[in-house]
Number of protein chains: 2
Amino acid sequence: MEQDKNDTCQELCINASIVEEVNEKMMENATHHDLASLFKTLGDHTRIRIINALYHSELCVCDITAILKMNQSAVSHQLRVLRAAKIVKNRKEGKNVYYSLDDEHIYNLVSLGLEHVSE
Amino acid sequence: MEQDKNDTCQELCINASIVEEVNEKMMENATHHDLASLFKTLGDHTRIRIINALYHSELCVCDITAILKMNQSAVSHQLRVLRAAKIVKNRKEGKNVYYSLDDEHIYNLVSLGLEHVSE
DNA sequence: TTAACACATGAACACATGCTCATATGTTAG
DNA sequence: CTAACATATGAGCATGTGTTCATGTGTTAA
């Protein structure tokens, strides 16, 4: 006569009504996925530094490489990730490719994150 | 007579003054690290779902386990990560441990992230 | 005390991630 | 055309991360 719940939790401990309510209010799984994806992209030391550099000015790959003191390949790889996430956009000018932040959402997100960090 | 710059970039391509200026304006390395850390913690499907669940109500581990339909060990491990990042706090009540969001920074951060995602 | 339960945690494993190295692409100068 | 250069990209490797399984800890009830 047991409910066919998972076996770890006996249903005794949980407030079933609250669980059900939360389940209804929860965002969709796809949304969770996208959100986690966005934060994951922001959650890397190198990428945060790139974003921070672009905070102030449009920069070409070469500039970024110099600022981060990393090799060009590593920077390009990370720029690719940021591009895929639509966090940065790029513009070609002759041999150079200039990168900049794609929208101010990111700027705001990072700023807000900063508040949490530097409390 | 070459500058002792890295060899990838000949200094010809970069706007040295801008690079220098950006270098000055950049946040400290420790800050980058903390910021990346915070976002990395938020950048996981399971953890985002936990946070989203706690958006609405304080919940015990057992509740969360039921909501996420995951095994209790996995949930506990992730709660530990969230605790370490000061994203959630917990409160003991008898055999149960109730978790809730530690501050509203996180709520705001996730909300802002949501705006970027659902454009 | 002992049994039952909620939760925490260490070890092990599969998989993802970031870097480096080598090389490819595309543009400009000569 | 070819050489030089800025950037992109694939492969390989070392390290990090999330889950599961087994077990430990702490609390309540009998």
Side-chain angles (χ1 to χ4, degrees), chain A residues 2 5-15 19 32-33 36-37 39-50 58-85 88-100, chain B residues 2 5-15 19 32-33 36-37 39-50 58-85 88-100:
Chain A
E2 289 287 277
K5 281 277 176 183
N6 55 58
D7 43 38
T8 349
C9 175
Q10 265 71 350
E11 177 111 16
L12 308 168
C13 63
I14 63 174
N15 186 332
V19 167
H32 286 138
H33 186 270
S37 231
F39 284 130
K40 185 179 296 186
T41 304
L42 296 176
D44 174 77
H45 186 223
T46 299
R47 289 192 292 269
I48 279 288
R49 289 199 300 160
I50 292 176
E58 180 189 60
L59 295 167
C60 72
V61 177
C62 193
D63 294 335
I64 299 173
T65 299
I67 292 168
L68 301 200
K69 296 187 182 61
M70 289 182 66
N71 88 49
Q72 175 266 321
S73 176
V75 170
S76 269
H77 277 297
Q78 296 301 355
L79 283 170
R80 178 185 166 82
V81 173
L82 291 171
R83 242 186 302 135
V88 303
K89 62 184 179 220
N90 59 353
R91 169 178 82 76
K92 214 161 179 176
E93 186 177 311
K95 283 186 293 186
N96 297 317
V97 177
Y98 282 86
Y99 281 84
S100 55
Chain B
E2 289 287 279
K5 281 277 178 181
N6 56 59
D7 42 38
T8 349
C9 176
Q10 265 71 350
E11 177 110 15
L12 309 168
C13 65
I14 61 173
N15 186 331
V19 167
H32 286 139
H33 186 269
S37 232
F39 285 130
K40 186 179 293 185
T41 304
L42 296 176
D44 174 78
H45 186 222
T46 299
R47 290 193 291 270
I48 278 288
R49 287 198 300 160
I50 292 176
E58 180 190 60
L59 295 168
C60 72
V61 177
C62 193
D63 294 335
I64 299 172
T65 299
I67 292 169
L68 301 201
K69 296 188 181 61
M70 288 181 66
N71 88 49
Q72 175 266 320
S73 177
V75 171
S76 269
H77 276 298
Q78 296 300 357
L79 283 170
R80 178 183 166 83
V81 173
L82 291 170
R83 242 186 302 136
V88 302
K89 62 184 181 221
N90 59 355
R91 168 178 81 77
K92 212 161 181 179
E93 186 176 311
K95 283 185 294 186
N96 297 317
V97 178
Y98 283 86
Y99 281 84
S100 54

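Residue numbers start from 1 in every chain, and the chains themselves are labelled A, B, ... in the order their sequence lines are given, proteins ahead of strands. This is a predicted model, so every value here is computed, not measured.
Comparing C:dG10, D:dC5, C:dA8 against the side chain of B:His77 picks out C:dG10 as the nearest.
To the nearest angstrom, C1' of C:dT20 lies 10 Å from CE of A:Met70. The separation between B:Asn90 atom CG and D:dT25 atom C1' is 15 Å, rounded to whole Å. One atom, CG of A:Asn96, and another, C1' of D:dA8, lie 14 Å apart when rounded to the nearest Å. D:dA8 atom P lies 11 Å from atom CD1 of A:Ile50, rounded to whole Å. Here the C1' atom of nucleotide D:dT7 and the CD1 atom of A:Ile64 are 11 Å apart, to the nearest Å. Residue B:Leu79 contributes atom CG, which lies 12 Å from atom P of D:dT19 at whole-angstrom precision. In this entry the distance linking CG of B:Asn71 with C1' of C:dT9 reads 13 Å, nearest Å. D:dG10 atom C1' lies 10 Å from atom CZ of A:Arg80, rounded to whole Å.
Each of A:Ala74 and A:Glu93 was assigned the nucleotide of DNA chain C with the nearest heavy atom; the assignment lying further toward the 5' end belongs to A:Ala74. Toward the 5' end of DNA chain C, the nearer of the two residues A:Asp44 and A:Lys95, judged by each one's closest nucleotide, is A:Asp44.
Between the side chain of B:Gln72 and the base of C:dA8, at least one donor-acceptor pair of N or O atoms lies under 3.5 Å. One N or O donor and one acceptor, one from the side chain of B:Ser73 and one from the base of C:dT9, sit under 3.5 Å apart. No donor-acceptor contact under 3.5 Å links the side chain of A:Thr46 to the base of C:dC19.
Contact of the A:Met70 side chain with the A:Arg49 side chain is registered, since non-hydrogen atoms from C-beta on lie closer than 4.5 Å. Using a 4.5 Å heavy-atom threshold, the side chains of B:Asp44 and B:Val81 count as separate.
Closest heavy-atom contact between B:Lys40 and B:Arg47: O-NH2, 3.3 Å.
Neither OP1 nor OP2 of C:dA16 sits under 4.0 Å from any side-chain N or O of A:Lys40. For the pair A:Gln78 and C:dT17, the criterion of a side-chain N or O lying under 4.0 Å from OP1 or OP2 is not met. Within the 4.0 Å cut-off from OP1 or OP2 of D:dA6, not a single side-chain nitrogen or oxygen of A:Tyr99 is found. Residue B:Arg47 places at least one side-chain N or O closer than 4.0 Å to OP1 or OP2 of D:dG18.
Ring-plane geometry between B:His45 and A:His33 is classed as perpendicular, the angle between the planes exceeding 60 degrees on a 0 to 90 degree scale with a lower cut at 30.
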side-chain contact (heavy atoms from CB on, under 4.5 Å) between B:Thr41 and B:Leu82, worked out: CA-CA 7 Å; B:Thr41 304; B:Leu82 291 170; 4.0 Å; yes

